[in-house]
Colleague: 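Below is the structure I would like to discuss, written out as structure tokens.
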Amino acid sequence: MKLFVDTGSIRDIETIAALGILDGVTTNPSLLAKEPGEFRENLKKICDIVKGPVSGEVTATDFAGMMREGHDIAAIDEHMVVKVPLTRDGIRACKALSSEGIRVNVTLVFSAAQALLAAKAGAGFVSPFVGRLDDVATNGMDLVREIVQIYDNYEFSTEVLVASCRHPMHIVEAAKMGADICTCPPAVIEALFNHPLTNSGLEKFLKDWEKARAVKA
Ligand code: E4P
């Protein structure tokens, strides 16, 4: 399963990329708006660091505007993926951009029916938002299971990009279901490392080693 980081922070992306476990990046207008600098230049820097798929989202809501912004985003770097919302114009733009060979990530997906539309429109990625579903007392991971099954049934090539991940169990569950990718905030990637038995085990190994060396010295 691939791991993407969901942030516009170049510093955080550099830190996580240095671990050697980062496959890509997702951004959205809220995330990019928080960062200093021009967003196209920031996206270019992110592509240079990650050298994997980097999603940049259109802010236009009409087909013509999405196409214009989509071309603009795709021109930033070969790694750019154009993110469009799951609306009628978004699906139309997804079909048109995909037909031109531009990779598209269909975002703000909250139902299996919507995921089916994204695959039919040739999306490279579909982004079900699991955390936001959990927030409204609906199991987000149930949606991921449905999408994986539907895509398997028809051998759609669209990759299931589990988004809005809030904790490590979202990632573990997604991996068990066979989802292709999880995108998570930096803090959730950090949390994947943590286990108290690793910390206490390492502490004991080092203590025992030092004790034995002191006796031998
Ligand atoms: C995905 O592409 C989105 O940027 C993201 O995962 C949204 O997550 P949130 O619900 O934590 O804002």
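Atoms within a ligand are numbered from 1 in the order they appear, just like the ligands themselves. Position 1 is the first residue of the sequence; numbering continues from there. These numbers were taken from a predicted model, which means no experiment stands behind them.
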Colleague: Looking only at protein heavy atoms, identify the closest one to atom 12 (O) of ligand 1 and say how far it is in Å.
Modeller: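 Its nearest protein heavy-atom neighbour is R132 NH2, 2.8 Å.
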
Colleague: For R166, counting its heavy atoms only, list the atoms of ligand 1 lying under 4.0 Å from any of them.
Modeller: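 So the atoms of ligand 1 that pass are 9 (P), 10 (O), 11 (O).
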
Colleague: Under a 4.0 Å heavy-atom limit, does S164 contact ligand 1 with its side chain, its backbone, both, or neither?
Modeller: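 Looking at S164 and ligand 1, atoms from backbone and side chain both fall under 4.0 Å.
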
Colleague: Under 3.5 Å, is there a donor-acceptor pair linking the side chains of H79 and D48?
Modeller: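 There is no such pair (donor and acceptor under 3.5 Å, judged by atom type) between the side chains of H79 and D48.
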
Colleague: Short N/O distance, under 3.5 Å, between D6 and ligand 1?
Modeller: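 N/O-N/O distance below 3.5 Å exists for this pair.
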
Colleague: Taking all atoms of both residues into account, what is the closest heavy-atom pair of I49 and E14, and its distance?
Modeller: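 Of all heavy-atom pairs spanning I49 and E14, the closest is CD1-CG, 3.6 Å.
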
Colleague: Determine, using heavy atoms of K83 and all atoms of ligand 1, whether some pair is separated by less than 4.0 Å.
Modeller: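 Flag set, K83 near ligand 1.
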
Colleague: Return a yes/no value for T27: is any of its N or O atoms, backbone included, closer than 3.5 angstrom to an N or O of ligand 1?
Modeller: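 No; the residue has no nitrogen or oxygen that sits under 3.5 Å from a nitrogen or oxygen of the ligand.
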
Colleague: Can you confirm, on distance only, whether ligand 1 has an N/O atom lying under 3.5 Å from any N/O atom belonging to S127?
Modeller: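 No, since none of the N or O atoms of S127 sits under 3.5 Å from an N or O of ligand 1.
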
Colleague: Would you say T183 and ligand 1 have an N/O pair spaced under 3.5 Å apart?
Modeller: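 T183 vs ligand 1: no N/O contact under 3.5 Å.
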
Colleague: Could you point out which residue of D134, V162, V188 forms a side chain to side chain contact (heavy atoms under 4.5 Å, CB included) with H170?
Modeller: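 Of the listed options, the one satisfying the test is D134.
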
Colleague: So, for G70 and L97, which heavy atoms are closest and what is the spacing to 0.1 Å?
Modeller: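 Scanning both residues, the minimum pair turns out to be CA-CD1, 4.4 Å.
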
Colleague: Show me which atoms of ligand 1 lie under 4.0 Å from any heavy atom of A163.
Modeller: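 Those of ligand 1 that fall under 4.0 Å from A163 are 1 (C), 6 (O).
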
Colleague: Which residue and non-hydrogen atom of the protein lie closest to atom 4 (O) of ligand 1, and at what distance in Å?
Modeller: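 Result for atom 4 (O) of ligand 1: N28 ND2, 2.7 Å.
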
Colleague: To the nearest 0.5 Å, what is the distance between NZ on K204 and NZ on K211?
Modeller: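 Rounded to the nearest 0.5 Å, the NZ-NZ separation comes out at 6.5 Å.
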
Colleague: Give, for atom OG1 of T107 and atom CD of Q114, the distance between the pair rounded to the nearest 0.5 Å.
Modeller: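 Here the rounded value is 10.5 Å.
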
Colleague: Should the ring pair F156 and Y154 be called parallel, tilted or perpendicular, given that the plane angle runs from 0 to 90° and is split at 30 and 60?
Modeller: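 Answer is tilted, since the angle falls between 30° and 60°.
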
